[in-house]
There are 2 protein chains.
Amino acid sequence: MIERLDIHSAGIPVLCRACEARHRGVCGALDPDQLVALAKTSSKHRVTSGAELIGDMEAVDGFSNILSGVVKLTKTLSDGREQIVGLQFAPDFLGRPFREESALTAQAATDVSLCSFPRATIEGMLKRSPGLEHRLLEQTLRELDEARDWMVTLGRKTAGEKVASFLMLIATYIDPEFDPRSGSAVFDLPLTRAEIADFLGLTIETVSRQLTKLKADKVIEIENNRRITVENIERLRFRAGL
Amino acid sequence: MIERLDIHSAGIPVLCRACEARHRGVCGALDPDQLVALAKTSSKHRVTSGAELIGDMEAVDGFSNILSGVVKLTKTLSDGREQIVGLQFAPDFLGRPFREESALTAQAATDVSLCSFPRATIEGMLKRSPGLEHRLLEQTLRELDEARDWMVTLGRKTAGEKVASFLMLIATYIDPEFDPRSGSAVFDLPLTRAEIADFLGLTIETVSRQLTKLKADKVIEIENNRRITVENIERLRFRAGL
DNA sequence: CGCGGCATTGATCCTGATCAAGCCCCGTGG
DNA sequence: CCACGGGGCTTGATCAGGATCAATGCCGCG
């Protein structure tokens with residue numbers, strides 16, 4: 001394949017060619033010139049599970065696109081109680097323009113690869129490129145919807161429904177070939193039991209019990225504590241409280 | 001006062017002159033010409049407590065600025081369990097561009113006055129005026145922060161902390177002369193006990209018991225079931241789990 | 001006066017938290 | 001090869017915070 005003849009790649013930085021963020025993510029709002037400018041100051045890198053991306057220790061300053069992996073956003077009460085307030089998957093945009101992050105920590109839940117840019121680059125582009133801001137608004141609206149859905153789960157669902165809801169959520173984001181009508185899904189949990197508990201407002205023991213109950217009821221299978229198989233997604237959805 | 005000489009009002013529609021949304025709300029992003037265009041198709045009106053603004057019954061199509069009053073956003077599970085996922089106060093913007101509202105209902109919690117525009121007007125202006133979209137992004141980011149704060153409350157706080165957190169929230173939004181350092185606040189609850197329960201993921205009885213406990217502990221006073229006086233805000237903040 | 005909508009209060013129940021072993025899987029070092 | 005240890009997970013026993021069920025109180029209003 002001769003790159004210079006490929007109209008779709010014309011003028012697009014090598015760094016960005018295969019990047020999902022260019023299609024579904026915020027970079028989709030940029031024209032080739034802007035991509036080139038952005039690519040000059042951007043860098044790909046990987047971090048391992050547990051690394052802190054935003055928070056007290058600013059491991060990664062500025063902003064990033066998530067290229068792969070799962071990032072968890074947590075809030076901590078002064079006495080140590082924790083709540084995960086969001087999960088981000090590729091190609092989500094990570095970082096908050098126009099505002100110092102509130103008391104929020106972003107941590108890699110799995111190994112994660114990122115494409116990062118300095119704060120100034122993005123903020124400059126936001127000013128000049130309304131399309132970029134529009135994408136950001138769309139992502140923010142989506143996150144707001146997700147946060148509100150989760151508020152219902154936290155406030156009004158039982159432990160069993162919470163765990164089932166969590167599995168539904170992961171299935172839709174993670175299963176490589178998830179097809180809602182296929183009726184089944186297989187995926188690896190990106191979180192430990194303790195993290196799931198922090199996401200659901202439960203304890204580790206309750207999460208464990210509910211998972212074994214789902215297994216006992218043949219709604220899911222569990223391999224190696226991590227790999228989940230859902231035979232019939234509809235049964236799981238039902239257990240999630242619809 | 002001779003209006004035409006007032007430079008700040010020059011060319012500004014009468015409808016908008018005194019409107020708070022023009023300062024702190026989304027309309028602040030518009031220049032006088034745009035305000036005029038918007039005012040042509042906008043209309044002020046009031047609705048009474050309980051009216052449904054967005055949802056199955058679209059009482060108000062399009063978008064609105066809240067001029068006064070409190071609007072609650074609720075989600076309902078298929079079996080009837082309800083969760084309030086947000087409260088909106090003047091001069092918040094109400095309505096969701098670029099997307100059919102998810103399964104979300106907006107209802108007047110108190111009597112509310114609104115300034116409404118048809119959907120097409122706003123969407124057109126959003127396309128042409130990046131400043132407007134920027135304001136919208138800012139409000140959305142703020143709502144996202146609030147939603148995430150509330151997730152911590154729902155997932156990790158005790159009933160007592162939840163009720164105290166709710167009072168803190170209302171105090172900061174409602175008390176006409178709330179000053180964080182004054183140390184005290186007086187306000188009317190905009191929600192019934194049942195609504196507070198739906199906001200906090202509790203039952204009506206638990207809300208009632210926690211309120212009487214706060215009263216017994218001299219953290220608050222209650223008049224007429226509605227009017228709350230907080231002598232010492234710091235003590236309340238402490239009860240909210242910091 | 002009596003009714004209906006909210007709110008408080010009390011008694012009891014039950015879901016999920018807490019406390020406490022013990023297991024499984026793996027990596028490490030003897 | 002096995003012993004050891006530790007992290008993550010499961011399982012069991014008990015406890016307790018809120019839910020649920022039920023009665024009663026408080027007002028405003030027709």
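Within every chain, numbering begins at 1; the chains are lettered A, B, ... in the order of the sequence lines, protein sequences first and strands thereafter.
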Asks: Between A:S182 and A:S184 (side chain of the first, backbone of the second, donor and acceptor by atom type, cut-off under 3.5 Å), is there such a pair?
Replies: yes
Asks: Answer yes or no: is there an ion pair linking B:E82 with B:K72, defined by an N-O contact shorter than 4.0 Å?
Replies: no
Asks: How long is the line joining CD1 of B:I222 and P of C:dC6, in whole Å?
Replies: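 Interatomic distance, CD1 of B:I222 to P of C:dC6: 18 Å.
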Asks: Hey, which of these two, B:G160 or A:K215, hits DNA chain D nearer its 5' end, going by closest nucleotide?
Replies: A:K215
Asks: Rounded to the nearest angstrom, tell me the gap between atom CD in B:Q210 and atom C1' in C:dA7.
Replies: 15 Å
Asks: Just the rounded figure in Å: distance from C1' of D:dG8 to CG of A:L191.
Replies: 14 Å
Asks: Is there a donor-acceptor contact under 3.5 Å from the side chain of A:Q107 to the main chain of A:G50?
Replies: yes
Asks: Starting from the C-alpha separation in whole Å, work towards a yes-or-no answer on side chain to side chain contact (heavy atoms under 4.5 Å, CB included) for A:T140 and B:E143.
Replies: CA-CA 10 Å; A:T140 307; B:E143 287 182 41; over 6 Å; no
Asks: Between B:I228 (CD1) and C:dA7 (C1'), how many Å, whole number?
Replies: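 About 13 Å, once rounded to whole Å.
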Asks: Please say whether more than 12 non-hydrogen atoms of neighbouring residues, nucleotides or ligands are located less than 6.0 Å from CD in B:E20.
Replies: yes
Asks: Please determine whether a side-chain nitrogen of the Lys or Arg among B:R156 and A:D79 lies less than 4.0 Å from a carboxylate oxygen of the Asp or Glu.
Replies: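 Salt bridge flag = no for A:D79 with B:R156.
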Asks: Distances under 3.5 Å between protein N/O atoms and the N/O atoms of nucleotides 26-30 of chain D, please, pair by pair.
Replies:
none

Asks: How is A:S208 classified with respect to the nucleic acid when contacts are heavy atoms under 4.0 Å: base, sugar-phosphate, or nothing?
Replies: base
Asks: Between B:T212 and C:dT8, is there a side-chain N or O to OP1/OP2 distance below 4.0 Å?
Replies: no
Asks: Describe, in one word, how the ring planes of B:F199 and B:F166 are oriented to each other, choosing from parallel (under 30°), tilted (30 to 60°) and perpendicular (over 60°).
Replies: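 Geometry flag for B:F166 against B:F199: perpendicular rings.
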Asks: Take the protein atom CG of A:L211 and the nucleotide atom P of D:dC9, then report the distance between them rounded to whole Å.
Replies: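 It works out to 10 Å between those atoms.
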Asks: Which nucleotide sits closest to the side chain of B:L202: C:dT9, D:dC9, D:dA19?
Replies: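 Among the listed nucleotides, the one closest to the side chain of B:L202 is D:dA19.
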Asks: Quick one: B:R227 CZ to C:dC6 P, roughly how many Å, whole number?
Replies: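 From B:R227 CZ to C:dC6 P: 20 Å.
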Asks: Charged N to carboxylate O below 4.0 Å: is that the case for B:R235 and B:D217?
Replies: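 No salt bridge links B:R235 with B:D217.
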Asks: Of A:N225 and A:G201, whose closest DNA chain C nucleotide lies nearer the 5' terminus?
Replies: A:G201
Asks: Within the pair A:R193 and D:dT10, is there a side-chain N or O less than 4.0 Å away from OP1 or OP2?
Replies: yes
Asks: Expressed as a whole number of angstroms, how long is the span from A:I204:CD1 to C:dA20:P?
Replies: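 Distance check: A:I204 CD1 to C:dA20 P gives 17 Å.
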Asks: May I ask you to evaluate whether B:T203 reaches the phosphate of D:dG18, defined as a side-chain N or O under 4.0 Å from OP1 or OP2?
Replies: no
Asks: Round to the nearest Å and state the distance from A:I196 atom CD1 to D:dG8 atom P.
Replies: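 The distance from CD1 of A:I196 to P of D:dG8 comes to 13 Å, rounded to the nearest Å.
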Asks: Can you see which heavy atom on B:P190 is nearest to which on B:I174, and at what distance?
Replies: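 Closest pair (atom of B:P190, atom of B:I174, distance): CG-CD1, 4.4 Å.
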Asks: Of the nucleotides C:dT9, C:dG16, D:dT11, which one has an atom closest to the side chain of A:E205?
Replies: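 For A:E205, the side-chain atoms sit closest to D:dT11.
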Asks: When you measure from the side chain of B:R209, which nucleotide among C:dG16, D:dT11, D:dT20 comes out closest?
Replies: D:dT20
Asks: So what is the end-to-end bend of the helix from C:dC1-D:dG30 to C:dG30-D:dC1, with 5 pairs used at each end and the value given to 10 degrees?
Replies: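 Terminal axis comparison yields 20°.
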Asks: For A:E231, is the CD atom crowded, meaning more than 12 foreign heavy atoms sit under 6.0 Å from it?
Replies: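 Atom CD in A:E231 is not packed in, count stays at 12 or less.
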